[in-house]
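The structure under discussion appears below in the form of structure tokens.
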Amino acid sequence: METPYYYLTLIGFIATFVGTLGGGGGLINLPSMLLLGVPIHTAIAANKFSNSFSSFTSFYTIWKKQQVQLKLGLSIVPFTIIGGISGALLASLLTEEVLLKVALVLLIIATILNIVKSKLRKTENTGTPTPLFYPTYIGIGAFDGLFGPGQATLLMHSFLNAGHSFLTSIGLTRLQTFASCTVSFWVYFSMGYFDWRVGVALGLGSFVGAQTAIKLANRLAFLPWQKILSAFSIFLILYLSIKIIL
């Protein structure tokens, strides 16, 4: 089936718009691409391509405000890179049928993580952060390379629990996301899974969606974006489950 690429631009816009305001936009765009008939390896590769740009720009914005410890972030990056490459290589070894089933399970887990994400602390921490257990980020990077959605929640949870402020945790999370998405994208690209038409269409919608969300954030802040995202995700997961079973 020929993929209607303008639908991908619309998906990128909606997912990033809702994701920017509520977090976890990958819970919308990945299952939506699968429902449109985009092969799962291609869908994940396109997601990595889009996320590489969005994560870097958001990290750069926070870094310019001097709200992230660059030295700490860079010290974690090698572990994240190892994980990202490992996860992408694992995905490339799985057949589309097997990876689709794995993705469905991970989507359910990621949706649950996103629902409980609102319970994470968002207050500034004035104490001394505890040391991080770096091998953890190999596992989180592998999760991102293999799949993606839910990875940012795992990172945020680890940084907040270590005692870092909310804004610093976002900055560290975006840097690690950039690292894992970039290296895993190149693995998918080298394996021939990346379709420029899918990636550019999704990326264009994501860019416009992010910019629109930022401009309207103050006016729309009263809406329950976390619940809206969860509702989107649950509907897509149920629909995707029916498609796989049938």
Side-chain angles (χ1 to χ4, degrees), residues 1-52 54 87-88 90-92 94-115 143-153 181 184-185 188-189 191-210 212-213 225-246:
M1 180 179 71
E2 182 68 20
T3 303
Y5 296 103
Y6 55 87
Y7 281 175
L8 293 172
T9 301
L10 180 61
I11 287 170
F13 177 86
I14 294 173
T16 307
F17 182 85
V18 176
T20 299
L21 298 171
L27 293 172
I28 296 177
N29 64 25
L30 187 59
S32 295
M33 283 191 285
L34 297 178
L35 290 173
L36 280 179
V38 178
I40 186 166
H41 292 89
T42 302
I44 295 176
N47 214 20
K48 300 305 166 199
F49 176 76
S50 176
N51 285 346
S52 295
S54 61
L90 175 60
S92 68
L94 300 177
T95 63
E96 183 170 344
E97 182 180 358
V98 171
L99 185 55
L100 192 60
K101 293 177 180 178
V102 171
L104 182 59
V105 173
L106 294 178
L107 272 171
I108 295 172
I109 295 173
T111 300
I112 294 172
L113 286 172
N114 192 71
I115 291 173
F143 180 86
D144 191 34
L146 174 65
F147 178 60
Q151 163 261 10
T153 299
C181 281
S184 57
F185 163 73
Y188 286 107
F189 180 83
M191 296 288 183
Y193 289 124
F194 183 64
D195 186 328
W196 282 101
R197 296 168 297 178
V198 175
V200 171
L202 184 72
L204 178 61
S206 298
F207 175 78
V208 177
T212 304
W225 290 106
Q226 188 104 27
K227 294 180 180 179
I228 292 173
L229 177 64
S230 298
F232 260 115
S233 303
I234 293 171
F235 169 77
L236 290 169
I237 287 171
L238 290 174
Y239 191 59
L240 185 60
S241 301
I242 294 173
K243 294 279 285 186
I244 291 175
I245 293 173
L246 297 180

**Q.** side chain to side chain contact (heavy atoms under 4.5 Å, CB included) evaluation trace for Ile28 with Phe17
**A.** CA-CA 11 Å; Ile28 296 177; Phe17 182 85; over 6 Å; no

Q: Start with the C-alpha distance between Phe49 and Leu202, add both sets of side-chain angles, then the distance that settles side chain to side chain contact (heavy atoms under 4.5 Å, CB included), and finish with yes or no.
A: CA-CA 9 Å; Phe49 176 76; Leu202 184 72; over 6 Å; no

Q: Locate the shortest heavy-atom distance separating Tyr188 from Ala88; write the atom from each residue and the value.
A: CE1-CB, 3.8 Å

Q: Tell me, please, which residues at least two apart from Ile109 pass side chain to side chain contact (heavy atoms under 4.5 Å, CB included).
A: Val105, Leu106, Leu113

**Q.** All ring pair (Phe, Tyr, Trp, His ring centres under 6.0 Å) counterparts of Phe189, not counting sequence neighbours
**A.** Phe185, Trp186

Q) Of all residues at least two apart in sequence or in a different chain, which pass the side chain to side chain contact (heavy atoms under 4.5 Å, CB included) check with Ala43? A) Leu30, Met33, Leu34, Val38

(Q) Can you pull out every salt bridge (Lys or Arg N to Asp or Glu O under 4.0 Å) where at least one residue sits in residues 28-52? Sequence neighbours excluded, please. (A) Lys48-Asp144

**Q.** Closest non-hydrogen atom pair, Ala103 against Ile40
**A.** CB-CD1, 3.5 Å

(Q) Holding to side-chain hydrogen bond (donor to acceptor under 3.5 Å, both in side chains), I want the full list of residues that pass it with Ser184, two or more places apart in sequence or in another chain. (A) none

**Q.** Minimal non-hydrogen separation, Ser206 against Ser50, with atom names
**A.** OG-OG, 3.2 Å

Q: Please name the pair of heavy atoms, one in Ile44 and one in Leu99, separated by the smallest distance, quoted to 0.1 Å.
A: CD1-CD2, 4.1 Å

Q. Are Thr16 and Phe207 close enough, and set up right, to give a side chain to side chain contact (heavy atoms under 4.5 Å, CB included), and what steps lead you there?
A. CA-CA 8 Å; Thr16 307; Phe207 175 78; over 6 Å; no

Q) Is there side-chain contact between Asp195 and Tyr5, with at least one heavy-atom pair below 4.5 Å? A) yes

Q.
Main chain of Ala201, side chain of Thr9: is a donor-acceptor contact present, judged purely on distance under 3.5 Å?
A. yes

Q) Roughly how far, to the nearest 0.5 Å, is the CD1 atom of Ile14 from the CG atom of Leu10? A) 4.0 Å

(Q) Listing request: all side chain to side chain donor-acceptor pair (under 3.5 Å) pairs with a residue in residues 26-44, at least two apart in sequence or in separate chains. (A) Asn29-Asn47

